[in-house]
> 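Take this structure, written in structure tokens, and hold onto it; I'll ask about it next.
In what follows, every heavy atom counts, from backbone to side chain, and hydrogens, waters and symmetry copies are set aside. So you know, we letter chains A, B, ... as the sequences are listed, proteins then strands, and number each from 1. Small disclaimer: the values here were computed from a predicted structure and weren't measured.
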Amino acid sequence: MDHLYFFLTGLTLFFTFLIFATIFYFMIKYRRRSEQERPPATQQSLPLEISWIAIPSLICVFLFLWGASLFFAAARPPQGAMEIFVVGKQWMWHLQHPEGQREINQLHIPVDVPVRLTMTSEDVIHDFFVPAFRMKMDVLPGRYTSEWFQATKPGSYHLFCAQYCGTLHSGMTGTIEVMTPTDYAQWLRDNASTRSMAESGQELFTRLGCDTCHLADGSGAGPVLQGRFGKQVTLRDGQNLAMDEAYTRQAILDPASLPLPNYRPVMPTFRGQVSEEQILQLIAYIKSLGSGERTQVP
Amino acid sequence: MNTQDPSVGTYVFVFAVLLLLAALTTGIAYINLGPFNTVVALAIAAVKMCLVGLFFMHLWYSRGLARIVVLAGFFWLALMVSFTLADVFSRSWIKPPGP
Amino acid sequence: MSTAIAEVPVESRMHYLNASYGIKSWLFTTDHKRIALLYLGSITLMFFIGGAAAVMMRLHLIEPAGALVQPETYNKLFTMHGVIMVFFFLVPSIPATLGNFLVPMMIGARDLAFPRLNLLSWYVYITGGAITLYALISGGVDTGWTFYAPLSTHYVTTHVIATSLGVFINGFSSILTGLNFIVTIHKMRAPGMTWKRMPLFLWSMYATSVIFVLATPVIAIAMVLIGAERLLHVGIFDPAIGGDPVLFQHLFWFYSHPVVYIMILPGMGVVSELVTCFAKKKPFGYIFIAYSSLAIAMISFFVWGHHMFVSSQSVYAGFIFSALSFAVAIPSAIKVFNWTATLYKGSISYQAPMLYALGFIGLFTMGGLTGLFLASLATDVHLHDTYFVIAHFHYIMVGGAVMAYLGGIHFWWPKITGRLYHDGWARLAALVIFVGFNLTFFPQYMLGYLGMPRRYAVYPAEFQVLNVLSSAGASILGMGYLIPFVYLLWSIRYGPVAGSNPWGAKGLEWETPSPPPTDNFEETPRITEEPYGYAEPEHAHV
Amino acid sequence: MSESAAGSSLAGTSGRSVSPALHHQFEDIEQQREAGNFGMWVFLATEMLFFSGVFTGYIIYRSLYYSGFAAGSHVLEVDLGAAMTAVLLASSFTMAMAVHAARQGNRAMLLGFLSSTIILGIAFLGMKFTGLNFHPAVDALRGAPEHTVELFMCFYFFMTGLHALHMIIGIGLLGVMAILAWRGKISAEHYNRVEVSGLYWHFVDIIWIYLFPLLYLIGGRYK
């Protein structure tokens, strides 16, 4: 991304200098010597016009393709990236590791490991912005947005909230601590939490009574969840969606809007009973019930 | 712009057709055409709009300028709707990773 | 060309200023020239209110922990600066003052098509302004001028409804002005004034009016929806009920990107007039400049998505908007090249308006090219919502639109008031503004690259040096804006009497005596040859 | 004295009575009439975009939550909606006849048709707020089992409310036209104001022509 940035800077300086120099040159060479001076009539030259339409257009197409290719590569995280769950709340960041560690406004990650952030917000639109990693993505209430980065140098980097979110928007900052793998393992051990996210998800799963309907053998009133995460689901009106985080979240909060063909819509909505973090824990638990890609637990 | 004035006859005829189309819209609603219900209803609405527009609003008799403004209005309306829909419906195309 | 009336001392001749006296004659006037002056007064007032907010913000940002105000006051300050400057100064600045004054005169008409609508648009502007000022004074609003959905509808207790009502009403003032210009330019051109014989200022006014008329209703509905959601919890943008906050961003930016072209297009029109007059040359590629105004007006409606690249807009929509955002840069490039080419082999004089015009060309080029950073997807991810964006749009709006506005005011001042201002002071003011402007906003490009987000009341210490530099520049810029205010007012009373054409410019508005009579022309002029006839031999012209 | 009656309050406030019908800034009456019509058409384009915001939102949420919208739409009375459409089409017809009468300079016919258009407009508003149509919708809004039905109800009230507001402006405009016609201000060669208000009225009718199928007939009414 930086090469594109410096190329654009060069381009800007070149054209600005070109225009300024031409203007100064014309101003000095053709300054008005006497009031009665009549400059020759302007002759219009079509080829000149065509050229300064074509050249900027070509440059623009080239810039667009370069920028778009970088963006498309950055939009899809690699397989098996380390998963971190982020919940933005008015003026603080909650970060959860799959192993259960929970941090506020701080994130400890190992170096040279692709990290994928799954983010949602509990109130207004925030924005997870780490200038050092050239990365920014809005965090929306009611939806999951995800982005990924791979730290290359250990150190502590700024974390900002880039989308205006109210009074202490400028206080909603933090740091990303990139550590060598050994320090990271040591850090994990230092504040190992009692339960991993999947385990706390399982505890929630039983406490809320989900397991009365979603039985492993399929005899319950709800669909089997084992090994279902990520697979295709066909609704009653023929739409088929992938059972990803967003689908699971909508199924928990708003089951009536996802009618399944051979199940009666009896599932109650859990809106208001589960917080965003608990939903993430439930999703981690459902993922851990076997899916194509096991969450990486180092 | 529209020197030529439509006769009363045209107004009455157009009004009758409009009433017929209105009845048609509600009538068709009671027949199960599956997804075509909406398509047909909107098509009839478009025909009614053209009738009102062309005859009652004298677009049929007026010069190009008013017509260009109407087309511009529809084009900008379509512009907003199409680009916003392009965003909303293509959000899930980018497959988040995983299985 | 109708012969100009022999020049008689200004006082005894009847003209639009002394046609009638008293408050009633001003408040109920339907003369487009007086309405232009009414707008001029109210716009200058709004400019100084917005400018005061900007000065306080710059003072606050001197220290990393904030030197002046509490964070919530800072939020109210930047929202006030945004709302006042965008909706109440930049949008109406050139169209409502110079446009109102010049459009009828440039096409040889006696007045706009709907004079009463023109007066109504000023009253609607004043009402919208009063409501917004009431909202800002009695507590302010801290959502930013963008009013993003869940924040402005559910999580803020400040006067959002009053401000959105003020902006809603103000929208109608723009619609009425745009509607007036479109009908006037289409229907009331003097005989012989074909589209190709119209001055370039009118082409840009026409393009601006097209955007006025087609974009402003969308901000009206967006503001109504914000009000409805706050009062009645309609739920269109509320994710809890199923609404989508990004939909508000779509509606908002559908208006708000074309509005930035409403701000710059008239500036381009003014600069086309200034460059041709002070280089005494026909514009190079007249038809290219004219059509690029229309092209900008058209393409500006396709590109609003580049404000939302990182707001969970789909990647594919991002591609479409990024490609089209690059396309909108081409017409602006055509204009800049054509202006520079017009200077070639001209006889250029450096009065104040020309300094503003040249300053515009340079700064607008810089501003436009930094826009490419924000149009290409990869760099926008890093630079979005940082001070880079702030520097980009201030380069175009302050460096471009305000410079052109001042250039236009200086160029047509003798025609509006019949008096000449002191040219030495004017050139000094232009230079001070140019220097102060660059010192204020160039450091912000670097701040943006280093990653300082916008709308921050407190910031990490390493950004302080650049912020202090920017604040210093802002004080120079502030002083620079006060100078013209002084000598222009001074010139009304004591300035030397200006002839009907002090700059030797070509154009119908220079055919009339300096403060023109109420009906502009004795009899409607008949146009016979191309505009900008600087190359032809001089007529017997006073 | 022709004015594109963008704001209805405006048409009535022009106290200045101009003896000849021609305004000083126009060359001839034909140019004045064309400017008036063209001005109103441009204003109608802005109105079209004013409604565009709500239509875009409607289209998106209808496709996202189709089942909820269909359920919400079935709460509404189709026959009442059809009757309201018929009433509005009739008012459009009488409006066209009013413009026709104004062009002929036939004052009595003009007054007759103008008043019938106003009566039909008021009838439409009356039908909209009757118990049959209003209360079930309000109950559906409050007691919505599922929030997408509530979202549909919000859209229903917002779009028909916006339309009703434009109807009220239209009726006010026609009231002013009736007063002017009563005072004999509308003559054969100076009827442009009636034609312009007619354009506005037809536009409001066209909006309802689209609102009716979009809101009332989601997914058809076959049981």
> Could you check whether any side-chain heavy atom of C:Asp244 comes within less than 4.5 Å of a side-chain heavy atom of B:Arg91, counting everything from C-beta outward?
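Yes, their side chains come closer than 4.5 Å.
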> Applying a criterion of heavy atom separation less than 4.5 Å, what residues of residues 73-83 of chain B form contacts with chain C?
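Within residues 73-83 of chain B, the residues under 4.5 Å from chain C are B:Phe75, B:Trp76, B:Leu79, B:Met80, B:Phe83.
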> Non-hydrogen atoms of chain B under 4.5 Å away: do they reach the side chain of C:Phe321, the backbone, both or neither?
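Contact with chain B involves the side chain of C:Phe321 alone.
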> Which residues satisfy the side chain to side chain contact (heavy atoms under 4.5 Å, CB included) test with C:His154, sequence neighbours excluded?
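Per chain and number, C:His154 pairs via side chain to side chain contact (heavy atoms under 4.5 Å, CB included) with C:Glu229, C:His233, C:Asp238.
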> Under 4.5 Å heavy-atom distance to chain B, tell me which part of C:Phe301 shows up: side chain, backbone, both or neither.
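Both backbone and side chain of C:Phe301 come within 4.5 Å of chain B.
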> Rounded to the nearest 0.5 Å, what separation is found between the NE2 atom of C:His186 and the CD1 atom of B:Ile68?
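CD1 of B:Ile68 is found 7.5 Å from NE2 of C:His186.
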> So which part of C:Val218 gets closer than 4.5 Å to some heavy atom of chain B, the side chain, the backbone, both or neither?
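It is the side chain, since no backbone atom gets that close.
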> For C:Ser314 versus B:Asp87, what's the shortest heavy-atom pair and its separation?
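Scanning both residues, the minimum pair turns out to be N-OD1, 2.8 Å.
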> To the nearest 0.5 Å, how far apart are NZ in C:Lys187 and CG in B:Leu65?
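If we round to the nearest 0.5 Å, C:Lys187:NZ and B:Leu65:CG are 5.0 Å apart.
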> Is there side-chain contact between B:Val69 and C:Ile182, with at least one heavy-atom pair below 4.5 Å?
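Counting from C-beta outward, B:Val69 and C:Ile182 never come under 4.5 Å.
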> What's the shortest heavy-atom distance between B:Ser90 and C:Ala317, and which atoms?
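Minimum heavy-atom contact is OG-N, 4.2 Å.
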> From C:Trp253 CH2 over to B:Thr84 OG1, what is the distance, rounded to the nearest 0.5 angstrom?
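Taking CH2 in C:Trp253 and OG1 in B:Thr84, the distance rounds to 15.0 Å.
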